[in-house]
Structures are given as C-alpha cells and as structure tokens.
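The shown structure was predicted, so the numbers you read here are calculated from the model rather than taken from an experiment. Quick note on labels: first sequence line is chain A, next is B, and so on, each numbered from 1.
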Protein chains: 2
Amino acid sequence: MEEGTLTALGYCGGTEDYSARQWDGREGCEVRQILDRVADKWSLLVIALLDRRGLRFTELKREIDGISQRMLTVTLRQLERDGLISRTVHPVVPPRVDYALTPLGETLHATIQSLVMWTETHQDEIAAARADYDQRAELAPA
Amino acid sequence: MEEGTLTALGYCGGTEDYSARQWDGREGCEVRQILDRVADKWSLLVIALLDRRGLRFTELKREIDGISQRMLTVTLRQLERDGLISRTVHPVVPPRVDYALTPLGETLHATIQSLVMWTETHQDEIAAARADYDQRAELAPA
DNA sequence: CGGCATCCCTGCTGATACTG
DNA sequence: CAGTATCAGCAGGGATGCCG
C-alpha cells in the first residue's frame, strides 16, 4: 500500500508540499478529531507538564491552576485512551496514581513544547498587536 | 475565590530548562490565554490553511468544512487582533476580502504545521491505542 | 460577497457530595 | 488520595435575517 489514503484523511495527496494541498474539512475527519483533542486547552497543559517524570493526580491538579477535578480526570482519561499517557496505580493505602508520557506522548510533547515556547517568545508582540488593534477600533467609528 | 494575582507569566524562572520549571496555572496568565487562542479548534485550521497565499472569506469557509459563517468571522477577527493575520478589503463591486498571514503569523504557521504533521503521522497509532483501550474496557467491568 | 446582530439551545464545565 | 455521580449555569456556537 502506498499513500493510498481512504476518504477521511486530513490531506488528500502525496506526502510533501503540504502547503499546496487541500484540507479535508470533514468534521468526522480523523485528523481534525485528533487535532481537537491534542490542541485542547487542558490536554495541552497536561502534556506540556508531563516532561520526563510522572506526576500524581494531585500534583497535576496543583500545577494547573483553574482546572477542576472533573476536567482533569476527563482529560487524563482521554489522553490515556489515545495512548499518549500511561496511568499507574500503586496499591497503597492512600491511593497513589502516577501519570507519565508514553513514548508516543513524548513525541507529541516535543511539538507542543515548541508551541508553548512560541507563545512565550511572542507574547509581547501579540500584546502590542492587540493594543494597536484596540486603539484603532476606538478611532475608527467616527 | 480571591486569586487575583497580577503576576501573569507562563513560567516563573529563567529562560532555559523549561521542563523543570513550573507552570503558572493562573487562568489570567498571558501565556495560558494566548495558548488557548492559538490552540483553538478553528484558529488552528485557519492558520494551517493560510500558507503563503492569502485566501478569501468564502474560500476559507469552503475549505474548513463545518465552520459556520459566524465562527469564521469571529476567529478571523481574533487572529487579526492578535496580529497573526492581515485583512485586506478590495473596494470592488462584489466585495472581496483577503486574509493572509503576517510575518508573525508565519512563524506560528511553522509550529502549527508541525503539530498537524504530527497528527498525520501518528493517527494510526492513536487509532490503535483507542481500539486497545476500548476493548480492555469491555472486559474489565466484571 | 462579506459581515454584523439577534435569538436560542446544546453541552461543556464547575461545584458539590459521596465512595474505595 | 483519587476518583465517580449528579445537577445547575452559562457561554459557545448554529440558524436566521438584514445591510454595505
């Protein structure tokens, strides 16, 4: 089998020159679906946080301010289902559960890390652009 | 509910060894906010689509299946405000508006492209992981 | 064609309470 | 500690209708 993609893939051509290719917009599209999951608000933070060492449920909850217990649980379950993180239950009295990146998860981690770093690097430019835009908006409606 | 800290940065340390650093979890955090915007379901697709050549409103709408006119408009406005895309209005009879990446937007495009490619590359592994997880879930509840 | 305003409803999300 | 279950809210997002 070569690049014989079926119907619902993100791209519909060869393997290079992605830029010229068309997006499959179908909502059910596999790539779109995964992208939504992976680019999810909380998933992103969990993956970014889980670098090398595993973390306990509580540790994650503490690090990610603003996440509710429910959303953390849901997010972790999804990531586990997608094979991105592993869940290890230690049969001790105060229950202890560790979450860590799987090899697959680590490959994603790298990509996400670059996104995070991009954000860090350009936050000032964005802030400036916003200020600029907002100011212009105030002057325009005259 | 009295968490109104003003220090709102993503990281709280130096500039290296991001992995060991702590996330600022504060919701108002600048980085968190931008990350949410940038990792947004629709923003991601728009940025990924806008490679080099600009696209018209309608073209974007056609490419991104499932997006409503409203969400496309909203998304484009946000991206414009953030200085990631430019909006060019051509004063012709059937109105024509082109959207294109700004230099800043292009830097983001590269990062997002790698995320998209990651998804493409690993979609099979994820699908497999899901099937595996689901099957296990059926056997477990005894 | 492009885009804004309005209405409206779904479902995501957080808060709360209960178990192993 | 690490969840699950339940409920209520509110914002995200769709549908429609009207302008430039």
Whole-Å distance separating the CE atom of M71(A) from the P atom of dT4(D): 13 Å

Identify which nucleotide among dG3(C), dG3(D), dG14(D) has an atom closest to any side-chain atom of Y99(A), counting heavy atoms from C-beta outward. dG3(D)

Over how many whole Å does the gap from L60(B) atom CG to dG3(C) atom C1' extend? 14 Å

What pairs with S43(A) under side-chain hydrogen bond (donor to acceptor under 3.5 Å, both in side chains), at least two apart in sequence or on another chain? D40(A)

Does a distance-only test, which skips hydrogens and angles, find a donor-acceptor pair under 3.5 Å between the side chain of Q69(B) and the base of dC4(C)? yes

Output the residues of residues 75-92 of chain A in contact with DNA chain C, where contact means a heavy atom of the residue under 4.0 Å from an atom of the strand; sort by number or write none. none

Strictly under 3.5 Å: I want the nitrogen or oxygen pairs between protein and nucleotides 18-20 of chain D, one per line.
none

Integer-rounded Å distance: dG3(C) C1' and R56(B) CZ: 14 Å

Set of side chain to side chain contact (heavy atoms under 4.5 Å, CB included) partners for E59(A), sequence neighbours left out: R53(A), L55(A), R56(A), R62(A)

Sorted by first residue and then second, give each salt bridge (charged side-chain N to carboxylate O under 4.0 Å, His left out) pair with at least one member in residues 97-106 of chain B; sequence neighbours left out. R96(B)-D98(B)

Let me know, please, whether R70(B) or F57(B) comes out on the 5' side of the other along DNA chain C by nearest nucleotide. F57(B)

Is there a side-chain contact between D82(A) and I34(A) in this structure, where contact means two heavy atoms from C-beta onward sitting under 4.5 Å apart? no

Rounded distance in Å - CG (L72(B)) to P (dC1(C)): 14 Å

Among the nucleotides dG3(D), dT6(D), dC4(C), whichever has the atom closest to the side chain of T73(A) is dG3(D)

What residues form a salt bridge (charged side-chain N to carboxylate O under 4.0 Å, His left out) with D124(A), not counting sequence neighbours? none

In whole Å, what is the span from the CG atom of L55(A) to the P atom of dC1(D)? 15 Å

Contacts of D36(A) that satisfy side-chain hydrogen bond (donor to acceptor under 3.5 Å, both in side chains) - sequence neighbours left out: none

Report the residues that fulfil side-chain hydrogen bond (donor to acceptor under 3.5 Å, both in side chains) with S68(A), sequence neighbours left out, ordered by chain and then residue number. none

Contacts of D132(B) meeting side-chain hydrogen bond (donor to acceptor under 3.5 Å, both in side chains) (sequence neighbours excluded), chain-then-number -> R136(B)

d(CG, D40(A); P, dG12(D)) in whole Å: 15 Å

Do the non-hydrogen side-chain atoms of L60(B) and L50(B) ever get within less than 4.5 Å of each other? yes

Expressed in angstrom and rounded to an integer, what is the separation of K61(B) atom NZ from dG14(D) atom C1'? 11 Å

Taken to the nearest whole Å, CD1/I67(B) to P/dG13(D) is 9 Å

